[in-house]
Amino acid sequence: MRQCVVVGLGTFGASVAKTLIEKGCEVLAIDEDEEKVKEISEIVTQAVQADATDEKTLRSLGVDKMDVAIISTGENMEASILVTLLLKELGVKTIVAKALSDSHGIVLRKIGATRVVFPERDMGVRLAESLATPTILEHIALSPEYSILEVHAPKSFIGRTLREINVRAKHGVNIIAIKKKLPYLTETGESDFKEEILITPGADEEVADGDILVVLGPTDKIDNLRNL
Amino acid sequence: MFQEEKRDFKKIEAKIAKIRDRKEKVEKLIELGKFYFLNEKYDEAISKFKEAVKIDENNAEIYYNLGIVYESKNLPEEASQMYTKTLELNPGHKLASKHLEKIVGK
């Protein structure tokens with residue numbers, strides 16, 4: 001079981017801690033604020049009110065034996081840099097640190113953070129992308145030329161099988177998964193739907209109204225798909 | 001006197017029959033809409049639910065069903081309008097609030 005330590009229990013840190021628990025990890029949560037520690041104490045494996053910039057404290061909590069550390073004391077730049085440095089010296093292999101600005105990010109990387117995240121900046125970019133192109137739901141850039149993206153099934157695809165659509169030959173991209181909605185009636189007879197993901201769907205799979213296609217391909221071909 | 005009473009009685013009976021007919025018609029349209037929804041014929045389902053709304057515009061169940069179909073068609077704006085309307089008419093509609101939360105975000 002992966003052991004993780006989350007330092008700083010603001011909105012970001014708390015939600016990382018909660019999700020790690022849901023994914024089956026052991027989580028030690030640290031913050032100076034008693035209220036925040038109290039709030040999360042029922043969810044995580046262990047919650048401690050402590051000053052994470054103190055090496056002795058970190059050692060006594062066994063932080064040096066953790067697989068992953070997430071440092072989300074972003075608002076306090078000095079603390080986040082200090083904690084990253086201490087954890088690096090204690091020998092934690094994977095250190096993920098939250099940065100407030102580009103320069104903060106550069107410093108974190110230089111002193112040994114294995115990964116620097118910019119939640120606000122990244123979320124802003126994603127939100128703007130989804131607003132600018134509403135048909136594209138998720139966009140993962142693999143390289144400047146290649147991407148994976150989620151698109152609503154174009155009208156011309158609906159009711160046809162993947163073989164008939166022949167997306168690779170005609171559009172130069174691959175459909176790597178289909179997210180489907182499966183309508184059903186609840187026990188009380190009310191309408192509802194379940195969501196299902198078909199990974200590497202077969203050629204006989206039919207595209208239905210409301211399907212979301214996960215497409216892999218050259219970025220320039222993506223524009224063509226968008227306009228279908 | 002007796003004649004008048006009899007006439008009134010017939011009027012009331014006719015009214016009740018009319019209401020019953022209306023209710024039955026709405027129920028049938030909802031059933032039909034659900035049938036189309038279950039068979040992923042979303043456009044047909046929408047047209048049945050819209051017909052039902054024309055007859056009974058204060059029925060939360062119809063708006064909820066319209067919401068579900070719009071959401072299945074990836075039309076989140078239309079779906080959230082319908083869920084909002086459902087909750088206006090029936091604030092305790094659990095499925096409508098669950099779906100609305102999913103679209104709008106908690």
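Sequence lines set the chain letters: A, B, ... in the order given, protein chains first and strands last, and positions in each chain run from 1. Computed from a predicted structure; not experimentally measured.
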Before you tell me yes or no, could you show the steps for A/Y184 and A/D192 under side-chain contact (heavy atoms from CB on, under 4.5 Å), namely the whole-Å CA-CA distance, both residues' side-chain angles and the distance that decides it to 0.1 Å?
CA-CA 6 Å; A/Y184 74 102; A/D192 205 344; 3.8 Å; yes
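Interface check for chain A: of the options B/K98, B/H99, B/K41, the most heavy-atom pairs under 4.5 Å are formed by B/H99. The choice from A/P183, A/G189, A/A208 that makes the most heavy-atom pairs within less than 4.5 Å of chain B is A/P183.
The number of heavy-atom neighbours closer than 6.0 Å to OH of A/Y146, taken from other residues, nucleotides and ligands shown, is 12 or below.
A salt bridge is defined here as a Lys NZ or Arg NE, NH1 or NH2 lying under 4.0 Å from an Asp or Glu carboxylate O, and A/E195 with B/K102 meets this definition.
For B/E71, the parts lying under 4.5 angstrom from a heavy atom of chain A are both the backbone and the side chain. Heavy atoms of B/L95 lying under 4.5 Å from chain A belong exclusively to its side chain.
Checked by atom type and distance alone, the side chain of B/Y63 pairs as donor or acceptor with a backbone atom of B/E57 at under 3.5 Å.
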